[in-house]
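All figures in this text were calculated on a predicted structure; none of them were measured in a lab. In what follows, every chain begins at residue 1, and chains take the letters A, B, ... in the order their sequences are listed.
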Amino acid sequence: MSDGLDFDSLVSRYYGPLYQFAFSLTRTEADACDLTQETFYIWATKGHQLRDGSKVKTWLFTTLHREFLNMRRKIVRFPHYELSEMDHELPAISPAMANALDSARVVEFLNLVADPYQAPLSLFYLEDYSYKEIAEILDVPLGTVQSRISRGMAQLQQLILNATSPLSAFKKEEPNG
Amino acid sequence: MDSRQARKILALYRPGGIDAADAKMAEALEAAQRDPVLAAWFEQQCAVYNIIRAKLKEIPVPQDLKRRIILEQPGRLRTIVLPLAIRLLAAAAAIAALIAVASTWFSVPKENISDTFRRRMAAKAARGYAMNFLADDQAKIRAEFLALKAPADYVLSPNLQRLPGEGGAVFLFNNHPVEMLCLYDGRDAQGHKNELWVFITGKSSIPNAPPPGKTEFVPVGDLMTATWTAGDKVYLLAVTGDAKALQKYLE
């Protein structure tokens with residue numbers, strides 16, 4: 001299991017990144033804690049089924065995301081969008097604009113991005129996963145992951161642009177069904 | 001590859017090299033080296049990526065989260081590390097110990113769905129939750145559940161039926177719907193409501209729930225819980241206090 005790590009070491013290594021991913025999805029400390037705890041609980045009860053010790057981190061992120069989707073379904077049901085290919089431009093923002101925001105504001109904007117883009121975008125920024133691994137964690141095709149990150153990034157940067165230059169109008173892009 | 005195509009690909013590039021091995025990315029990087037406008041845009045985009053990443057990495061992690069995770073772990077396993085000399089001298093014992101550890105590992109308890117249900121519901125009550133509706137009496141709560149197309153034919157004990165309500169919620173546990181009734185029984189010295197939570201789900205979602213006629217009392221953190229089966233439903237009541245405090249609500 002887990003590169004020879006015992007449970008405590010495993011928790012020490014991954015609870016921070018998992019919590020941050022959970023918080024970026026839920027924006028509430030209680031829900032993020034709940035998701036993180038549940039993820040490790042599931043690991044403690046089912047982790048022994050994982051044969052490839054190098055996949056522990058991916059397994060944990062996959063499980064947390066699955067639990068998040070379960071939690072979300074009780075509040076809002078959103079379809080599994082298959083996004084059509086659509087050209088979009090990245091709004092140009094400067095490093096100074098991004099720097100002007102504090103961490104809480106960035107998380108707030110991340111949560112204003114359309115639902116299907118949030119998890120891929122969080123993993124894109126927070127973790128050093130390849131696109132293939134992100135696709136595996138979110139259980140969507142590779143192309144869909146890249147498309148969602150690209151669109152999510154455009155929305156996020158537009159929100160940042162909007163916040164830092166009040167004259168620009170923002171229109172939130174809706175995901176295509 | 002033209003500048004527009006390269007820009008689209010480079011938007012997905014993360015500084016640090018994780019994406020550099022991708023053939024299309026490599027081609028787009030080459031394009032950026034030839035095109036000063038594209039290069040300037042790319043440099044700015046990388047800087048913005050790094051800033052947003054750093055901001056997200058600043059999300060503070062609750063200090064006691066690690067402790068709570070470890071406390072919640074079922075069947076904790078410990079790794080015992082002995083000094084090298086002792087290990088060398090006691091090879092046989094080490095092998096025996098390894099066998100013991102291995103046997104412990106393979107005997108990690110399987111998920112007990114009833115325990116998990118109890119733990120998750122109690123955690124929800126303790127940590128906070130979003131209610132689908134607010135309602136101050138139980139007739140309204142029942143009507144709200146009906147409006148949500150959730151079962152409203154649950155049966156509560158007379159002492160529970162008498163309590164005023166706060167509201168309710170419907171959510172999923174292992175993909176099975178659960179109804180949560182939030183009730184209260186007076187207020188404490190500080191004026192806070194003495195809250196109770198009743199969770200109701202279908203019997204099929206908790207296969208190892210107590211059999212009809214038997215009530216299980218299990219403390220979870222600061223809460224005492226009672227779980228019982230009646231009809232086609234499993235009920236879980238959670239209150240602050242001990243079994244005695246809870247017992248009266250079952251009558």
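Residue B:Leu12 comes nearest to A:Ser150 through the heavy atom pair CD2-N, 4.0 Å, listed as atom of the first residue, atom of the second, then distance. Of all heavy-atom pairs between A:Asp34 and B:Arg120, the closest is OD1-NE, 4.5 Å. When every heavy atom of A:Val11 is checked against every heavy atom of B:Lys66, the shortest pair comes out as CG1-CG, 3.7 Å. Residues A:Tyr19 and B:Pro62 come closest through the heavy atom pair CZ-CD, 3.2 Å. Nearest heavy-atom pair across B:Ala11 and A:Met153 is O-CE, 3.0 Å. For the pair B:Leu56 and A:Gln20, the tightest heavy-atom approach, listed with the atom from each and the gap, is O-NE2, 4.0 Å.
The distance from atom CD1 of B:Ile69 to atom OG of A:Ser12, rounded to the nearest 0.5 Å, is 9.5 Å. Atom CG of A:Leu126 and atom CD1 of B:Ile59 lie 5.5 Å apart (nearest 0.5 Å). Annotation: the span from A:Tyr125 atom OH to B:Ile51 atom CD1 amounts to 11.0 Å, rounded to 0.5 Å. Interatomic distance, CD of A:Glu127 versus CZ of B:Arg53, reported as 7.5 Å (0.5 Å rounding).
Between the side chain of B:Lys55 and the main chain of A:Asn99, a donor-acceptor pair closer than 3.5 Å is present.
For B:Asp22 and A:Lys132, the salt-bridge test fails: no basic side-chain N is under 4.0 Å from an acidic carboxylate O.
Relative to the six-membered ring of A:Tyr131, B:Arg14 meets both conditions, a distance below 6.0 Å and an angle of at most 45° to the axis.
Counting heavy-atom pairs closer than 4.5 Å to chain B, the top residue among A:Thr39, A:Asp102, A:Leu110, A:Asp128 is A:Asp128.
No side-chain heavy atom of A:Thr36 sits under 4.5 Å from any side-chain heavy atom of B:Val61. Between B:Ile9 and A:Gln146, the closest side-chain pair of non-hydrogen atoms is not below 4.5 Å.
Proximity to chain A at a heavy-atom threshold of 4.5 Å picks out B:Trp41, B:Gln44, B:Gln45 from residues 26-46 of chain B, in numerical order.
With a threshold of 4.5 angstrom between heavy atoms, A:Glu29 approaches chain B through side-chain atoms but not through N, CA, C or O. Of the two parts of A:Glu133, neither the backbone nor the side chain holds a non-hydrogen atom closer than 4.5 Å to a non-hydrogen atom of chain B.
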